[in-house]
Amino acid sequence: MPRFFIRACQIGIDDNTGVKMVRILGDDAHHITKSLRMRTGEIITVCDMERNEYTCSICATGECVLAQVLSVCAAASEPPYTAVLYQALIKGDKFDHVVQKAVECGVSRIVPVLTERCVVRLDKMDGEKKRQRWQRIAAEAAKQCGRGIIPQVSGLLYFKEAVAEAAAAQLPLFCYEGEERRSLVQAVAGCKHPATISLMIGSEGGFSVEEAAFAADSGMLSVGLGRRILRTETASSFALACLSFAYEMEQSNMEKV
């Protein structure tokens, strides 16, 4: 079923009928009308960016698509936690891949980070141009995989700024290839139901010893991701998938009891 994202202000009650209606504008309206060629009575799914999902029946197409709300429920595809990925800048189009797969794996926000060993060097102005591209990729991935929100791609942060923000999460994970004492599994086992999770991933060269020490001193949990060395563009989706397995599967099992 086609899925579209709107703002809550686009949902309202029709003054004449008292029926709850949704207005879809812009590119999405054009896509419904011209590309999909949908007709009155066809069903679409609409998400309001607040984790609510609406099943709607199209009433009118054109520059403004009107659809009647048939039912509403909480978006079942969203994880029971808010996960923010702090990803170091990486070469070429690899960051595009990271954004796409992180959205599929349940991330809530993605923050590009400039670390000591980043080969790519952007200032915050150049980073904004990249951010707009990454946000479009996030939106397309969210539609494709059935998310209830479009995860936001934030502006570029320098390493210490990112650590200060990431350390405030209930489960602040610093993924470090030099960590031998604590695994991701052990960190997850020690935090049963986190509301917020931060995940920091380094660039192609990983983090420096000084960066790892700073993160630990700031309150982040240094964790290893297993016995194999993962590419940076693999590490984020691997870790997010592990978190999904640990917490979403647990929630699913509890609901079945």
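All residue numbers in this chain count up from 1 along the given sequence.
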Minimum-distance pair of heavy atoms, taken over all atoms of Leu171 and Cys191 = CD1-CB, 4.0 Å

Side chain to side chain contact (heavy atoms under 4.5 Å, CB included) between Val209 and Tyr176: does it pass, once the steps are laid out?
-> CA-CA 10 Å; Val209 173; Tyr176 180 45; 3.9 Å; yes

From Phe207 atom CZ to Ile201 atom CD1, the distance as rounded to the nearest 0.5 Å = 7.0 Å

Applying side chain to side chain contact (heavy atoms under 4.5 Å, CB included) to Ala239 and not counting sequence neighbours gives Leu184, Leu199, Leu225

Looking only at side chains, do Glu78 and Ser108 share a donor and an acceptor under 3.5 Å apart?
-> no

Does any non-hydrogen side-chain atom of Phe214 lie less than 4.5 Å from one of Val163?
-> yes

Identify all side-chain donor-acceptor contacts of residues 16-23 below 3.5 Å with residues at least two apart in sequence or on another chain.
from  : atom 1 : to    : atom 2 : distance (Å)
Thr17 : OG1    : Asp14 : OD1    : 3.2
Thr17 : OG1    : Val19 : N      : 3.3

Atom NZ of Lys130 with >12 non-hydrogen neighbours under 6.0 angstrom = no

Quick one: do Met220 and Leu114 end up in the same hydrophobic cluster if we chain Ile, Leu, Val, Met, Phe, Trp and Tyr together by side-chain heavy atoms under 4.5 Å apart?
-> no

Taking the inter-plane angle between the rings of Tyr81 and Tyr247 on a 0 to 90° scale, is it parallel (under 30°), tilted (30 to 60°) or perpendicular (over 60°)?
-> perpendicular

Do the ring planes of Phe159 and Phe174 sit parallel (below 30°), tilted (30 to 60°) or perpendicular (above 60°)?
-> perpendicular

Check: Pro112 and Arg131 side chains under 4.5 Å, non-hydrogen atoms = no

